[in-house]
Amino acid sequence: MACQMQQKMYSPLPRSFYDRDVVVVARDLLGKKFCRRSRQGMTCGTIVEVEAYRGADDPASHSFRGKTPRNLVMFGEPGHLYVYSIHAKFCLNAVTGPQRTPSAVLIRAIEPTQGIPLMQRRRDRTNVFDLTRGPARLCEAVEVSGEMNGVDLTIGSRIWISRNSYAHVKSADIVAAPRIGVTKARDVCLRFFVDGSRFVSGPRRWHRR
DNA sequence: GTTCGGATTATCT
DNA sequence: GATAATCCGAACC
């Protein structure tokens, strides 16, 4: 029985989860369990901060100027991992749908729940708040790099996202704010994070003017 | 082939 | 909060 429950908890979210509007998926990803199994061991955490990147209508999105070798995965099937490099670091996204729209959710921060010693070793940091706060820090902590670009998130072998019955995030607990680091479309609030979480990167409050 | 800038972070003050 | 470090992809020639 316990085994069955664990099986259900760890099973990856299905393709249909990702095959929806990118903003819906982004908000729905908050509170879900992010899982990464590597040769060194398991690292997991609760997703607390994300950003949505649309397609042709979003000048801040990589897919805004059409298909290139770099952003090819964004144009493909939803539910795949899109990894890109920036400033000599990596960031990881989940490709969303529907209708093959080139949209994706950037996962900016998780609250570590499993494999913390492994994360501390990879990051060369002991402070738990410095392990997975920020997209590039997260990638380093869970060992995701460019080689994993395009991996299917619905298989559940190396990397996946699952339901999390212990951390249900209500709509009222979600704060929307402008995306961090983007120079275009600054006025659009497509960054979402769990209100009150200490594991969120950047400003945790944002006042609408 | 060269230039340019970015969905960042660490390390200062 | 400001700045340097750092490297890859895209755009242009």
Side-chain angles (χ1 to χ4, degrees), chain A residues 18 21-27 29-30 34 43 45 47-76 78 80-96 101-112 119-151 153 159 161 174-194 198-207:
Chain A
Y18 300 98
D21 181 83
V22 63
V23 173
V24 176
V25 177
R27 296 176 64 100
L29 276 174
L30 292 175
F34 177 91
T43 43
I47 298 173
V48 294
E49 183 187 7
V50 296
E51 280 178 5
Y53 285 88
R54 297 180 166 286
D57 61 334
D58 185 358
S61 175
H62 287 171
S63 60
F64 181 64
R65 294 186 181 282
K67 203 183 282 187
T68 69
R70 177 208 205 186
N71 64 25
L72 195 62
V73 175
M74 279 186 84
F75 287 80
H80 286 254
L81 185 71
Y82 170 47
V83 182
Y84 66 87
S85 72
I86 187 165
H87 286 87
K89 296 168 170 62
F90 291 103
C91 299
L92 68 89
N93 303 249
V95 175
T96 61
T101 51
S103 54
V105 176
L106 169 68
I107 300 176
R108 291 194 56 90
I110 68 174
E111 175 175 342
M119 293 184 187
Q120 288 170 322
R121 228 180 307 149
R122 286 169 174 162
R123 292 269 305 124
D124 194 26
R125 292 284 189 285
T126 51
N127 188 338
V128 179
F129 295 108
D130 287 340
L131 297 180
T132 55
R133 178 162 56 186
R137 289 167 169 164
L138 169 62
C139 277
E140 190 176 25
V142 302
E143 200 178 61
V144 166
S145 67
E147 305 155 15
M148 292 192 65
N149 186 37
V151 168
L153 290 168
I159 184 166
I161 300 167
I174 298 175
V175 180
R179 293 173 290 190
I180 291 178
V182 304
T183 53
K184 299 154 191 164
R186 283 175 185 274
D187 52 325
V188 188
C189 293
L190 290 179
R191 169 179 174 243
F192 305 102
F193 59 90
V194 178
R198 293 188 60 193
F199 292 88
V200 168
S201 73
R204 277 180 279 160
R205 289 190 183 283
W206 182 72
H207 302 286

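No hydrogens, no waters, no symmetry mates; every other heavy atom, side chains included, goes into these values. Sequence lines set the chain letters: A, B, ... in the order given, protein chains first and strands last, and positions in each chain run from 1. Please read all numbers here as calculations on a predicted model, not as lab measurements.
- Side chain of A:S63 to backbone of A:P102: a donor-acceptor contact under 3.5 angstrom is found.
- With rounding to whole Å, A:L72 atom CG is found 14 Å from C:dG9 atom C1'.
- Residue-environment remark: CG (A:D124) stays at or below the threshold of 12 foreign heavy atoms within 6.0 Å.
- Nearest-nucleotide positions on DNA chain B place A:V182 closer to the 5' end than the other of A:V182 and A:E140.
- Here the side chain of A:Y82 is nearest to one of B:dA7, C:dC7, C:dA10, namely B:dA7.
- Taking atom OH of A:Y84 as the reference point, atom P of C:dC8 lies 16 Å away to the nearest angstrom.
- At whole-Å resolution of the value, NZ in A:K184 and P in B:dG5 are 11 Å apart.
- At the phosphate of B:dT8, OP1 or OP2 sits under 4.0 Å from a side-chain N or O atom of A:R108.
- Checked for salt-bridge contact, A:D21 and A:R54 meet the test: a charged N lies under 4.0 Å from a carboxylate O.
- Taking the side chain of A:N93 as heavy atoms from C-beta on, and the options B:dA7, C:dA10, B:dT9, the nearest nucleotide is B:dA7.
- Of the possible donor and acceptor atoms, none in the side chain of A:R191 sits under 3.5 Å from a partner among the backbone N and O of A:E49.
- Minimum atom distance to the side chain of A:R65 is reached by C:dA11, of the listed C:dG9, C:dA5, C:dA11.
- One can place NZ of A:K67 at 20 Å from C1' of C:dA11, the figure rounded to the nearest angstrom.
- Atom CZ of A:R186 and atom P of B:dG6 are 10 Å apart (whole Å).
- Across all strands shown, B:dG6 forms a Watson-Crick or G-U wobble pair, both distances under 3.5 Å, with C:dC7.
- The only member of A:R122, A:R123, A:K89, A:R125 that meets side chain to side chain donor-acceptor pair (under 3.5 Å) when paired with A:E140 is A:R123.
- As a whole-Å value, the separation of A:K89 NZ from B:dT8 P is 11 Å.
- Although no hydrogens or angles enter the test, the distance criterion places a donor-acceptor pair under 3.5 Å between the side chain of A:E51 and the main chain of A:I180.
- No contact: A:R179 has no heavy atom under 4.0 Å from any strand.
- Ring pair A:Y84/A:F90: centre-to-centre distance not below 6.0 Å.
- Counting all heavy atoms, side chain and backbone alike, A:I110 lies closest to A:F199 at O-CB, 3.9 Å.
- Separating the CD1 atom of A:I107 from the P atom of B:dT8 is a distance of 15 Å, rounded to the nearest angstrom.
- Both thresholds, 5.5 Å between centres and 30° between ring planes, are met by A:Y53 relative to the base of B:dA7, so the two rings are stacked.
- Protein atom CD1 of A:I86 is 12 Å distant from nucleotide atom C1' of C:dT6, rounded to whole Å.
- Side-chain proximity of A:T183 to the nucleotides B:dG6, C:dA10, B:dT8 is greatest for B:dG6.
- The phosphate of B:dA10 (OP1 or OP2) has a side-chain N or O of A:R123 nearer than 4.0 angstrom.
- Between A:S85 and C:dC7 there is no side-chain N or O to OP1 or OP2 distance below 4.0 Å.
- Of the residues in residues 124-136 of chain A, those lying under 4.0 Å from DNA chain B by heavy-atom distance are A:R125, A:G134, A:P135, A:A136.
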